Student: 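Here it is, the structure in full.
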Amino acid sequence: MRVLCVAEKPSIAKSITQILSGGQFTSRTTANKYIRNYDFDYPQTRAQFTVTSVSGHLTAHDFPDTHRKWHSCDPISLFDAPVETFVSKDGKDIEKNLKSEARRADMLMIWTDCDREGEHIGSEVKRVCRSAKANIIVKRARFSAIIAQQIHNAAQHPVELDQAQADAVEARIVLDLRIGAAFTRMQTKTLQDAIAQVEGSVVSYGPCQFPTLGFVVQRYLQVKNFVSEPFWYIFLSLSRPSSSQGDNVETEFKWRRVHLFDHDAAAVIYEHVISNPITRVTKVVEKDTKKWKPLPLTTVELQKAGSRLLKLAPKAVLDIAEKLYNQGFLSYPRTETDQFDPQFDFMPLIEKQAVDPAWGAFAQGLQQGEFSSPRRGKNNDKAHPPIHPTAHAGGLQGNEKKVYEFITRRFLACCSKDAEGSMTTVDVTCGGEAFYATGLVVHRRNYLDVYPYDKWTGSRVPDFAEGEEFQPSVCELREGHTSSPKYLTEADLVTLMDKNGIGTDATIAQHIETVINREYVLEEYEGGTKYLLPSTLGIGLIEGYNEMGLEKSVSKPQLRREVRYVR
DNA sequence: GCAAGGTC
């Protein structure tokens, strides 16, 4: 039996080969410079295996000539126009390879990622292979991580391709094309005639672009329409030495009522307190506390951190991570998974970092007993592990170095222990009102030593004894004001898109770049932080669609989310 | 000249 295995990308074909062959294989080049064909015997199923890959989707979709040109038809006719499926220009060589390999095989085993797009790519592979060999048996290997036991199990117990999932993706592809092309042409033609500012530029519409823009506009309007309100609170503090020999420190006691928006009520309470401000300590509690180490790293988290900590645009972070992946320094950078597989082998990866001058000593500590299993998040895309370094990279510069360092420190932090400390809470009453002060002492920094992006600091509260009484240093009624929300940052926008199902790990950064390139969204810097504001055009587009009064506005995320998750 | 999703 000859089995042709087809993975979604070259790196997976190689990994599968190394596992199934035990390292004994031969390989052949193909016309595509990234793709190789690997040959070996697999005695477990008495079969000869050939493993190759595609490179993402094989086919593209577009309208025929009658509808492809912008002025060839009324945009609304694009909803009924035929849509052609064809092998893309770059896919021709890959298709040729698949066909010639399929002719020699008895069975096609599909090894695309085990997510919905993978099911669709698998159906493309199936169609091409069947066109070359009509009676080829088609099976699907199911695996959730590139781990030897799972890969062998998948090879020995293949299942069927899930055609319903592939069809759902096909429907989404066609809908996105029809809606995107029709609305874009309609908007562009209408607005170019009406507004001088958009002359010569495309006013695109996309089912991900518009909810993305919608988030920016929504926040902008919240800021614009914000009205500050005054509030009042009792400020209570005591100055006393931090320890028996120490200098005086001021301890602030926070009001349990936080603050009141009714001035008269706050004033009445304050009058009562100040008439006899003797303060009595009712309870002193010291308890152990932890600061949890971070979760394993997903693409979305990498982009948020990159934007917030490294000041790099989400798209720039992803591009760098992809380059480092292609150089063999990082695992696959597009993942939604924030849990390592229980069988994941950490030690060889930690060992590779032991030579680093900056974090090598910490890695050695993990090897010598400080290791602790990473926390498990709630997400698993069943295709890729969390992002982690696969090799030590010593010679990087600039932004590549920053991104690699962040990912590596994050990985080591995940394999370390939570930081440990103790928290003291001092409860007091004054004039019948309750106040409290808290203090923090860090006992063991643990993961914080390798992960400077997290801060955990607090001050020790001076000693207080239950039942003691004191005269506060300050007891005042103070006024504050509610403050306006901030404009969105890129990190905020990535979070909103992720939570609302707009785009994927691989495309979120692209959509943000698109709404900026189309000049729907403008970047504005304030104190070193980049904020996103809508342009007049951006606001106008969103308000226009909102005023149509659709039950699910195209500027809001509901519609897109439902298109993605419908089964 | 148009979308979003894969991928190098």
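Throughout, a chain's letter reflects where its sequence line sits, starting with A, and its residues are numbered from 1. As the structure is a prediction and not an experimental result, all values here were calculated from the model.
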Student: Looking at A:Asp176 and A:Arg560, is there a salt bridge between them, counting it only when a charged N and a carboxylate O are closer than 4.0 Å?
Tutor: yes

Student: Determine the contact category for A:His61: base if any of its heavy atoms lies under 4.0 Å from a base atom, sugar-phosphate if only primed atoms, P, OP1 or OP2 are that close, otherwise nothing.
Tutor: base

Student: Which nucleotide, B:dT7, B:dG1, B:dG5, lies nearest any side-chain atom of A:Trp70?
Tutor: B:dG1

Student: Could you pick out which residue, A:Arg172 or A:Pro10, lies toward the 5' side of DNA chain B when each is mapped onto its nearest nucleotide?
Tutor: A:Arg172

Student: So, A:Ser555 and A:Asn546: side-chain donor and acceptor under 3.5 Å apart, yes or no?
Tutor: yes

Student: Could you tell me whether A:Asp115 contacts a base, only the sugar-phosphate backbone, or nothing, with contacts defined as non-hydrogen atoms closer than 4.0 Å?
Tutor: nothing

Student: Check for me: is A:Tyr205 stacked on B:dA3 by the 5.5 Å centroid and 30° plane-angle rule?
Tutor: no

Student: Please determine whether a side-chain nitrogen or oxygen atom of A:Gln209 lies at a distance below 4.0 Å from atom OP1 or OP2 of B:dA3.
Tutor: yes

Student: Under 4.0 Å, heavy atoms only, any strand: does A:Thr188 hit a base, just the sugar-phosphate, or nothing?
Tutor: base

Student: Between A:Asn153 and A:Gln149, do the side chains contain a donor N or O and an acceptor N or O under 3.5 Å apart?
Tutor: no

Student: With respect to the side chain of A:Glu117, which nucleotide from B:dT7, B:dG6, B:dC2 is positioned closest?
Tutor: B:dG6

Student: Got a donor-acceptor pair under 3.5 Å from the side chain of A:Asp62 to the base of B:dC2?
Tutor: yes

Student: So A:Glu119, base contact, sugar-phosphate only, or nothing? Heavy-atom distance under 4.0 Å.
Tutor: nothing

Student: Whether A:Thr504 contacts B:dG6 is assessed here as follows: a side-chain N or O lying under 4.0 Å from the phosphate OP1 or OP2. Is that the case?
Tutor: yes

Student: Under 4.0 Å, counting only non-hydrogen atoms across every strand here, what does A:Tyr325 touch: a base, just sugar-phosphate, or nothing?
Tutor: sugar-phosphate

Student: Would you say the ring centers of A:Phe346 and A:Phe340 fall short of 6.0 Å from each other?
Tutor: yes

Student: Does A:Arg334 make a side-chain N or O approach to OP1 or OP2 of B:dT7 shorter than 4.0 Å?
Tutor: yes

Student: Quick one: is B:dG5 close enough that its OP1 or OP2 comes under 4.0 Å of any side-chain N or O from A:Arg560?
Tutor: yes

Student: Given atom CZ of A:Phe183 and atom P of B:dA4, what is their separation to the nearest angstrom?
Tutor: 13 Å

Student: What is the nucleic acid contact for A:Gly503, judged by heavy atoms within less than 4.0 Å: base, sugar-phosphate only, or nothing?
Tutor: sugar-phosphate

Student: Using atom CD of A:Glu322 as one end and atom P of B:dG5 as the other, report the distance to the nearest whole Å.
Tutor: 15 Å

Student: Is the phosphate of B:dA3, meaning OP1 or OP2, less than 4.0 Å from a side-chain N or O of A:Arg518?
Tutor: yes

Student: Side chain of A:Ser204 only, please: which of B:dA3, B:dG5, B:dC8 is the nearest?
Tutor: B:dA3

Student: When you get a sec, tell me which of B:dG1, B:dA4, B:dT7 is the closest nucleotide to the side chain of A:Cys208?
Tutor: B:dA4

